[in-house]
**Q** 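Sharing a structure here in structure tokens format.
Because the structure is predicted, anything quoted here is derived from the model rather than measured. Letters A, B, ... mirror the listed sequences (proteins, then strands); counts begin at 1.
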Amino acid sequence: MTATNDGAIRTRFAPSPTGDLHVGTAHTALFNWLFTRHHRGTVVLRIEDTDRKRLVERSLGGIPEALAWLGIDWDEGPEVGGPYGPYFQSERKEIYLEYAERLIAGGHAYYCFCSPERLARVREERANLPTKYDRHCRDLSPAAIAAARAAGITPTVRFKMPLEGQVTFTDAIRGEITFDVRNLEDAILIKSDGYALYHFANVIDDKLMAISHILRGEDWIPSAPLHLLLYRAFGWEMPLIAHTQLLLGPDRKKLSKRHGATSIQEFRDNGILPEALVNYLAIIGWSWDDKTEIFSRDELIAKFDLDRVKPSSAIFDHQKLEWMNGHYINHLLTLDGLTARALPFLAGAGLFPRGAPAPGTPEYDYLTSVLALEKERIKRLTEIPEAVAYFFSDEIAYTQDVLVSKKQKLTPEIALAALPRARETLAAGDVADEADTEARLTALAGELGLKRGQLFMLIRAALTGRTATPGLFALMRVLGQERCLARLAAAESWLREHRQAAAD
RNA sequence: GCCCGCAUAGUCUAGUGGCCUAGGACGUCACCCUUUCAAGGUGAAGAUCGCGGGUUCGAAUCCCGCUGCGGGUACCA
């Protein structure tokens, strides 16, 4: 990339607060952020809230919060301020008006008094034509303008699109793209409510905020020529521009709510780690080589650049994200890190009615040893409360099928004979010693004429009420001697009580 | 309709004229490990590189045409 004028790279992400932060928007924001951090430039966050009708109040705070959660920070914008503010477009209304006047004075824009109804009609009449608006007000006489104003009509301001010629710009990801202006509209710049439209506010702000590189979604390509022409009308140079790929749903359509979870907030609530999501988003549309795909944040910053960004759209693969999330949980997060992430989910499930355990306490140590056992089989943080439940509650809900595994060829008789012997065997030692416990239980299995697996499964079920758990001896070590003995007894009496029912 | 973009296995990708009998990853299947479930290891299936023409001794890679898919076409962003 070549830098502009002063050599300083300045980029922006410009979400509009119309809802939660969409994962596609986050993808573009991430590319902006990685590109800028790589080049030690300045990141600007600008809130494009010119559409007052679609404004969703909670997203004003929610979007910056979601970005921060992802670890995408900004040097200028809401919360941090900066020399080019305000960073909310709704507070820049007057600026746009002023620049619109300039355009009109220079003959590059005009007032349009057409009513929405007329516009709708004309659009229908010209349905098959490249431009929908018939430029009715483009050359209104001063008298006609005065008359319309006197009639109380508040006009919009439209751009006076050149009538012929071609516009070409170079996209840093896609190369040259050319449009014929005959296919371009006299776009509205200022709405009749006085607010600027996206295209206009965007161009003015990028210029005023000294943005050097524009990175945005592919869906903006069709409006790029308008933006370029706007820059030209003001006599400004256009920033370098690049259009990133779109994120698609399984049906190859632009990713949206109907494809499932699409907001960053939902990913967080669904137990996805921000570092996993960032890593996954980074490798969709960008690659470093033919095999690496796990990158730390710092590696991403060090390696990311536009020359390895692909132009083609990509289907968002929840399955691969989930795999990567599991990989982070199991292999990349420290135990303390995982514990910290798990705590809110555990608390949410009501596991700590008296408050979450603090590091250094026995409760905290117990929790980390539990998580150490479960982390390799967990893909999302949301799975944790259910996975660790039996470590925190002694009320095990037994069932006949689980306790007396048919698959292991167990019967209530065998179980009732084995359970008390297992208890005796355990009582004679200490489950803190895994190898010793295993040796003694293996010997017991022999005495009882059972296979190791049969006895182990019976004990597993008695201790946890489940057939799928971490390794039996590690599990016993964490559970502790006392709990193990108590649960063996509990399973035995449960079985005795329910034996009759099973026999029927 | 018109304009624009994209095109390597189900999905994400590597590849810029010979290193490609097309590499990696997710997913799928099998085997190994094993007390269960995972994790891990090994391996397999899966792509006539969208199609058709060229250029070249040689093309996934260059050229032309076609097709498919997507995006845009608002006083939304």
**Q** For B:G65, give its Watson-Crick or G-U wobble partner with both distances under 3.5 Å, or none.
**A**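 Its partner is B:C51 (Watson-Crick or G-U wobble, both distances under 3.5 Å).
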
**Q** Roughly, in whole Å, what's the span from CD1 in A:Ile378 to P in B:C37?
**A**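 Value for this atom pair: 17 Å.
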
**Q** Under 6.0 Å between the ring centres of A:Trp220 and A:Tyr198?
**A**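 Ring-ring flag for A:Trp220/A:Tyr198: true, centres closer than 6.0 Å.
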
**Q** Examine A:Trp286 together with A:Phe35 and report whether their ring centres are nearer than 6.0 Å.
**A**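 No, ring centres 6.0 Å or more apart.
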
**Q** Rounding to an integer number of angstrom, what distance separates B:U16 and B:U61 when you compare their P atoms?
**A**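 12 Å, rounded to whole Å.
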
**Q** Return the value, rounded to whole Å, for the distance between atom OH of A:Tyr198 and atom C1' of B:C75.
**A**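 One finds 17 Å between C1' of B:C75 and OH of A:Tyr198, rounded.
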
**Q** Quick one about A:His259 and A:Asp251 (side-chain donor to acceptor, distance below 3.5 Å, no hydrogens or angles considered), yes or no?
**A**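 Result is yes, a qualifying pair exists.
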
**Q** Let me know the distance between CZ of A:Arg182 and C1' of B:C4, rounded to the nearest Å.
**A**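 Value for this atom pair: 16 Å.
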
**Q** Does the structure show a Watson-Crick or G-U wobble partner for B:C26, both distances under 3.5 Å? Name it, or say none.
**A**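 The base-pairing partner of B:C26, which may sit in any strand shown, is B:G10.
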
**Q** Counting heavy atoms from C-beta on, name the nucleotide in B:U36, B:G5, B:G71 closest to the side chain of A:Ile221.
**A**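 Nearest to the side chain of A:Ile221 among the choices is B:G5.
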
**Q** Which of these nucleotides, B:G5, B:A25, B:G71, is closest to any side-chain atom of A:Lys320?
**A**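 In terms of side-chain proximity for A:Lys320, the closest of B:G5, B:A25, B:G71 is B:A25.
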
**Q** Would you kindly give the NZ-to-P distance between A:Lys291 and B:G24, to the nearest whole Å?
**A**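 So the NZ-P distance, A:Lys291 to B:G24, works out to 8 Å.
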
**Q** Please measure how far the P atom in B:C75 lies from the corresponding atom in B:C4, and state the result in whole Å.
**A**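 Each nucleotide's P atom is 22 Å from the other's.
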
**Q** How far, in whole Å, is B:G72 from B:A9 if one measures between their C1' atoms?
**A**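 Pairwise C1' distance, B:A9 against B:G72, rounds to 31 Å.
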
**Q** Please check if the side chain of A:Arg308 supplies one atom and the backbone of A:Trp288 the other of a donor-acceptor pair under 3.5 Å.
**A**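 Pair found, side chain donor or acceptor close to backbone of A:Trp288.
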
**Q** Using atom P of each nucleotide, how far apart are B:C49 and B:A60 to the nearest Å?
**A**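 So the two P atoms sit 7 Å from each other.
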
**Q** OP1 or OP2 of B:G70 versus the side-chain N and O atoms of A:Ser313: is any pair under 4.0 Å?
**A**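 A:Ser313 to B:G70 OP1/OP2: no side-chain N or O under 4.0 Å.
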
**Q** Among the nucleotides B:G71, B:G1, B:G40, which one has an atom lying closest to any side-chain atom of A:His331?
**A**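 So the nucleotide nearest the side chain must be B:G40.
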
**Q** Assuming nearest nucleotide by heavy-atom distance, tell me which of A:Met457 and A:Glu293 is located more 5' along RNA chain B.
**A**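 Looking at the nearest nucleotide for each, A:Glu293 comes out on the 5' side.
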
